Amino acid sequence: MKKILIANRGEIAVRIIRTCHEMGIQTVAVYSDVDRQSPHVLMSTEAYPIGSAPSTESYLRIDKLIEAAKVSGAEGLHPGYGFLSENPKFAQAVIDANLIWIGPPVDAMINLGDKIKARQTAKRAHVPVSPGSESEITDEKVAKKIASSIGYPILLKAVGGGGGKGMRIVNKPSELSSSLERAMSEAGASFSDSRIFIEKYLPNPRHIEIQFMADAHGNVAAFTERECSVQRRYQKLIEESPSSFISRSLWKKMAECAIKIVTESGYVGAGTVEYLVDENKNFYFLEMNTRLQVEHPVTEMICGLDIVREQIRVASGKKLSLDEEYIGHRGHAIECRIYAENGFDNFIPSTGTIQELHLPDGFGIRFDHGIRMGQEITPYYDPLLGKLVAWGNSRKDTLNRMKRALKECHIVGIETTIPFCIAVISNRQFQTGNYNTHFIEKSFDELLRFKQDNMGIERELACAVAGIHTTNMKPEPTITNRKTTEASLWKSIGRKEGLS
Amino acid sequence: MKKILIANRGEIAVRIIRTCHEMGIQTVAVYSDVDRQSPHVLMSTEAYPIGSAPSTESYLRIDKLIEAAKVSGAEGLHPGYGFLSENPKFAQAVIDANLIWIGPPVDAMINLGDKIKARQTAKRAHVPVSPGSESEITDEKVAKKIASSIGYPILLKAVGGGGGKGMRIVNKPSELSSSLERAMSEAGASFSDSRIFIEKYLPNPRHIEIQFMADAHGNVAAFTERECSVQRRYQKLIEESPSSFISRSLWKKMAECAIKIVTESGYVGAGTVEYLVDENKNFYFLEMNTRLQVEHPVTEMICGLDIVREQIRVASGKKLSLDEEYIGHRGHAIECRIYAENGFDNFIPSTGTIQELHLPDGFGIRFDHGIRMGQEITPYYDPLLGKLVAWGNSRKDTLNRMKRALKECHIVGIETTIPFCIAVISNRQFQTGNYNTHFIEKSFDELLRFKQDNMGIERELACAVAGIHTTNMKPEPTITNRKTTEASLWKSIGRKEGLS
Amino acid sequence: MKLQAIIENQPIDCQLSLSGNEVIFEVDNNRQSINFVRLTPFSYSLIINGKSYYVTITKHFEGYNITIDQNVFFVKIKDENELLLEKFGMSDSVTVSNGEVRAPIPGLVSSIAVVPGQSVQKGEILLVLEAMKMENDIDSPSTGCIKEVFVSQGQSVEKNCLLIQLELNENERG
Amino acid sequence: MKLQAIIENQPIDCQLSLSGNEVIFEVDNNRQSINFVRLTPFSYSLIINGKSYYVTITKHFEGYNITIDQNVFFVKIKDENELLLEKFGMSDSVTVSNGEVRAPIPGLVSSIAVVPGQSVQKGEILLVLEAMKMENDIDSPSTGCIKEVFVSQGQSVEKNCLLIQLELNENERG
């Protein structure tokens with residue numbers, strides 16, 4: 001392939017552009033009106049507008065994406081994650097337009113992307129699956145019946161996609177009706193598919209997943225597990241690999257199951273099998289992600305392989321550049337998702353302009369992001385600004401390095417999850433490696449206390465800075481003086497611009 | 001150690017601060033007047049002023065450095081590279097002040113930092129040494145005699161330090177006098193030591209070096225070789241590891257020699273043995289660097305070890321965290337030094353303000369730098385802004401990744417070696433791996449042509465942008481309109497400042 | 001110069017005397033000498049007794065968001081004139097619960113659960129605001145009656161946009 | 001609008017018509033439509049027939065340093081008025097070799113090799129300028145006689161600072 005269209009935005013579009021350029025492949029970016037100045041547009045070889053800000057008018061418009069690919073002469077299309085990446089209709093439209101779809105075969109997407117079919121596929125492959133509904137929930141009555149048969153609490157989940165969207169936990173029958181309605185509405189908005197199914201709610205699970213790569217020549221490779229139990233609102237916040245909870249022999253079993261599903265479904269490309277693991281180390285198939293995942297860099301850092309590059313190679317019909325089936329690792333890696341959200345205030349999204357940007361760097365640090373100074377963070381899309389990844393020889397070294405890097409990262413003008421991530425990384429429970437998917441809710445008070453304990457002398461300092469700033473910035477009080485100030489400002493602007 | 005003073009500035013001070021913070025060690029930065037706003041000051045736990053801009057008034061002032069260490073309560077001192085890092089008097093003063101010197105023992109510094117004594121030490125350790133003067137050159141007559149005995153061309157080199165400072169190649173007797181004078185003056189200014197010695201000039205050598213670490217418990221570890229043949233003015237520009245020229249068996253021999261020198265000199269800490277290797281793969285001891293080297297990240301990337309961390313551990317009396325003597329590598333790494341210099345105009349230094357900064361990132365990329373937006377690059381110090389390092393599975397992958405990252409790096413407001421490094425990385429000769437220390441001078445025309453060939457459509461585009469910029473920026477012609485512009489500028493400033 | 005800093009709603013009286021890049025900062029008779037430089041429009045470097053602080057500052061409502069070592073502080077400053085006005089009861093800083101329901105975040109009104117005239121309990125859902133793909137319930141801040149709904153389904157709203165006006169019960173007024 | 005761009009000393013006549021974020025740019029009857037946005041005071045994004053360019057621009061002497069894809073171009077712009085003045089012979093852009101020796105880089109004068117009244121050959125060393133730890137020879141641009149030396153040893157000089165005034169031989173004047 002000589003030219004690839006990336007049907008996405010933000011950090012993942014930037015991430016894919018980087019690998020394409022390293023492979024000597026030209027890139028085609030697409031952008032909505034509010035993304036004209038976004039990094040993926042600036043970095044790409046080519047860029048085409050595809051509509052207005054709401055993603056239904058741009059990044060979810062199959063027709064416009066195909067048209068941009070045709071106009072630009074792109075040979076392949078990479079969907080990234082989110083948006084249309086797990087939509088088999090989109091994949092089919094791409095293939096019908098004689099473009100190479102950088103993703104799994106459409107059949108595999110249908111059978112695995114659809115959460116209900118995925119559970120059936122897993123069962124056929126003899127992979128353990130948790131109790132739940134065998135088909136979609138058509139009405140409340142059916143839901144009530146299934147829920148009481150498997151026992152509350154239960155989980156409502158979207159058939160059409162993941163990421164916590166359209167997901168609701170239901171503790172008792174009285175909550176079922178409104179939760180079902182809300183879940184269906186969210187699922188519809190996020191995936192254009194409002195179907196919901198029911199799953200048994202496991203009390204203290206860890207979220208463990210197996211990333212794999214399969215080529216069209218029958219080669220499969222499964223990587224060391226990723227632990228993704230630090231979640232808020234069912235969305236991952238911090239991921240690491242390897243997991244402190246999973247022995248090599250347990251990993252091997254989970255990896256074998258992943259490969260069984262790949263074989264059963266005729267899967268080709270990159271994918272991830274997600275499991276829930278209970279306290280007794282029983283694991284259950286949770287779902288399959290038929291696309292590149294947000295947290296894929298964690299695996300790249302410990303196995304030394306560019307997963308996007310493998311995706312492109314495989315889509316071109318090439319063999320995997322790996323010759324083993326079970327891929328080991330070197331050291332430890334951890335990822336903190338930097339969202340435009342205030343972690344201590346219910347992860348409320350923050351919008352605004354990035355006034356200044358100082359990013360961490362140095363040995364073992366990687367920051368995959370899609371932001372730049374002066375950029376406007378709008379409420380239209382997912383608030384993920386970037387992913388800070390640290391690598392180290394041991395888990396302890398890696399956590400220390402991550403903390404250093406988080407403290408070095410200054411994204412000025414919006415609130416981010418950096419302070420929250422620092423609190424998590426500094427948390428003793430987290431440091432022991434003994435945590436599950438309830439970590440954030442259970443440790444929230446402790447995390448908040450950590451933050452407040454670190455606000456000693458700095459309170460007064462903040463007052464001093466506000467005082468200095470106010471005093472320094474104040475326009476002079478009289479009209480006469482103000483004119484002078486204006487003139488000198490004009491001069492300083494001129495100087496900045498190089499005019500004087 | 002709980003607190004370390006870093007007697008340096010720029011990227012290396014930042015690099016050392018990072019490791020200290022990861023180890024939970026507080027840092028003390030020192031700064032000259034012009035460095036008050038430099039990143040190493042902003043990132044450090046503490047910072048103390050040590051004098052005016054010229055390094056003789058600040059970074060070379062032993063008394064002020066020791067005083068800052070005392071005032072701050074630092075327990076150890078890391079000298080970085082350059083400045084006083086190879087000065088045994090400084091090391092002794094640090095030790096006399098009851099501080100831990102993070103560097104080799106003073107004796108080893110004297111015997112190896114002094115280039116003449118180093119050659120003698122190498123000879124005693126049965127390591128091959130090239131022909132040259134056995135002692136320092138006291139006058140021109142002696143120089144003439146030695147030069148004619150070993151045969152022109154010869155090389156004049158500073159006894160007291162490296163980095164190409166005080167180095168001159170002399171082709172014929174008539175050039176000797178003025179070259180000697182200039183070399184002595186430069187050496188004096190750079191190392192407070194104007195002594196010069198003579199070495200046989202090898203025609204087409206490759207510069208290969210062995211990084212090693214030794215602890216106080218008799219453990220030594222030698223790392224895979226670094227190739228540093230891409231040089232201008234005897235200063236390294238691009239380094240990589242491993243070298244395409246060195247087989248594993250040749251590396252083993254060079255590493256063994258390095259360990260012999262360590263044993264012979266009773267060396268403890270991090271150090272590098274530099275060799276010249278001729279076309280027949282004979283290697284000669286060139287000199288020893290008794291300090292951390294600029295290019296140490298290349299080794300860190302392929303061996304997965306933080307060398308500064310090992311330095312600090314060893315200085316604290318701990319054992320190396322390596323248990324093998326010969327350290328292998330994974331993949332390939334390359335470093336481009338980003339200097340504030342125009343590589344296509346005789347590497348003329350460039351000063352000015354960094355108006356904007358966009359740094360490369362992503363898998364396999366590391367950028368150790370000491371700059372920030374708004375920073376003034378002054379002529380007072382070494383023009384190294386940072387070091388861009390790429391890692392990849394193969395040399396080819398690594399070069400492709402480096403090229404991508406160089407293109408992503410925008411340091412606006414000053415000229416840098418980025419365009420020159422792109423030309424080198426894109427050069428076919430360089431890509432084959434078949435190059436020596438004359439690469440830049442011999443390929444210069446080709447590199448320049450590459451640059452010019454890439455300036456096609458962009459010439460017109462540059463005109464368009466200049467036109468747009470001039471038209472957009474122009475103040476309105478009449479006084480009345482100008483007033484409005486002023487008012488709106490005032491407003492926009494206010495808005496920027498958040499006043500309105 | 002005397003100033004009052006209101007940090008996270010807590011007033012701190014302080015005194016500031018600037019000369020060049022040095023400032024004497026005094027709180028509760030505790031004097032500190034601070035060396036400061038403004039690095040950019042949005043950041044400062046402070047050195048206090050050798051300790052180095054990198055501080056960023058951006059305007060936020062009527063005050064500033066100030067970040068030190070990744071901790072964010074919201075600070076408002078009142079100068080001598082403002083303090084004097086306040087002393088004479090002329091301050092405008094008193095906030096009243098006036099029944100206005102404003103958008104806490106920018107987003108899209110995905111559904112409206114109430115109509116004018118309807119009575120609502122405190123905590124009852126008024127409308128759903130969709131932002132960054134999540135649906136956020138906007139609950140009633142107090143018990144009362146819907147006076148007016150200013151937005152319609154599908155409408156994009158800015159942060160702080162007035163969404164709904166409540167008629168408060170007498171005892172709910174602030 | 002008609003403009004003349006002088007790029008690396010080569011004049012290019014061009015025509016520019018801006019409307020909003022679109023500009024029609026014409027050189028030699030070759031018209032291009034460019035979509036542009038100013039990202040920051042020092043950078044633009046251009047999209048031309050789908051091709052995306054990130055461009056940075058900083059003031060440099062009387063023109064601009066413009067960087068596109070890591071290539072740096074020095075461009076001066078003359079507008080219609082300036083072109084008109086030039087047509088009537090009123091241009092001020094003619095440079096003369098006037099015997100001035102200026103500092104090509106900022107640095108420290110580490111030694112001076114000449115004294116006033118001394119004759120020098122073209123290429124002879126006049127003084128040594130130390131910058132960033134390297135010693136740089138400043139050679140005489142032409143044969144002549146030293147009229148005045150404006151700097152002394154150890155002095156720091158800015159870029160473009162007048163170092164030495166030469167009295168040129170008659171045939172050396174430009």
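In the text below, chain A, chain B and the rest are named by the order of the sequence lines, each starting its count at 1. These values consider heavy atoms only, across backbone and side chains, with no hydrogens, waters or symmetry-generated copies. Everything numeric in this text was worked out from a predicted model, so none of it was measured.
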When rounded to the nearest 0.5 angstrom, what is the spacing between CG in L3(D) and CD1 in I468(B)? 10.5 Å
N9(D) CG: over 12 foreign heavy atoms closer than 6.0 Å: no
Honestly, the part of I6(D) sitting under 4.5 Å from a heavy atom of chain B is neither
CG of N49(D): more than 12 outside heavy atoms within 6.0 angstrom? no
Under a 3.5 Å threshold, yes or no: a donor from one side chain and an acceptor from the other, between T40(D) and E356(B)? yes
Answer key: most heavy-atom pairs under 4.5 Å with chain D among C409(B), G413(B), P383(B) is P383(B)
Can you tell me how far the CE atom of M373(B) sits from the CZ atom of F42(D), to the nearest 0.5 Å? 8.5 Å
So what's closer than 4.5 Å to chain B heavy atoms on S43(D): side chain, backbone, both or neither? both
Please say whether more than 12 non-hydrogen atoms of neighbouring residues, nucleotides or ligands are located less than 6.0 Å from CD in E181(B). no
Between the CG atom in L16(D) and the OG1 atom in T470(B), the distance rounded to the nearest 0.5 Å is 9.0 Å
How long is the gap from OG on S110(D) to CD on E186(B), to the nearest 0.5 Å? 9.0 Å
Can you say whether I77(D) sits under 4.5 Å from chain B via the side chain, the backbone, both, or neither, judging by heavy atoms? side chain
So which part of I125(D) gets closer than 4.5 Å to some heavy atom of chain B, the side chain, the backbone, both or neither? side chain
Can you give the donor-acceptor pairs under 3.5 Å from side chains of residues 447-466 of chain B to other protein atoms, not counting sequence neighbours?
| unit_1 | atom_1 | unit_2 | atom_2 | d |
| --- | --- | --- | --- | --- |
| N454(B) | ND2 | F450(B) | O | 2.8 |
| E458(B) | OE1 | N71(D) | ND2 | 3.0 |

For L46(D), is it the side chain, the backbone, both or neither that has a heavy atom under 4.5 Å from a heavy atom of chain B? side chain
Atom CZ in R38(D), atom NE2 in H469(B): separation rounded to 0.5 Å? 5.0 Å
Side chain, backbone, both or neither of I411(B) within contact of chain D (heavy atoms, under 4.5 Å): neither
Toward chain B, the part of I34(D) with a non-hydrogen atom under 4.5 Å: side chain
Honestly, the part of S185(B) sitting under 4.5 Å from a heavy atom of chain D is both
Any idea which heavy atoms bring Q70(D) and L406(B) closest together, and the distance? NE2-O, 2.9 Å
Identify which of V75(D), I66(D), I68(D) forms the greatest number of heavy-atom pairs closer than 4.5 Å to chain B. I68(D)
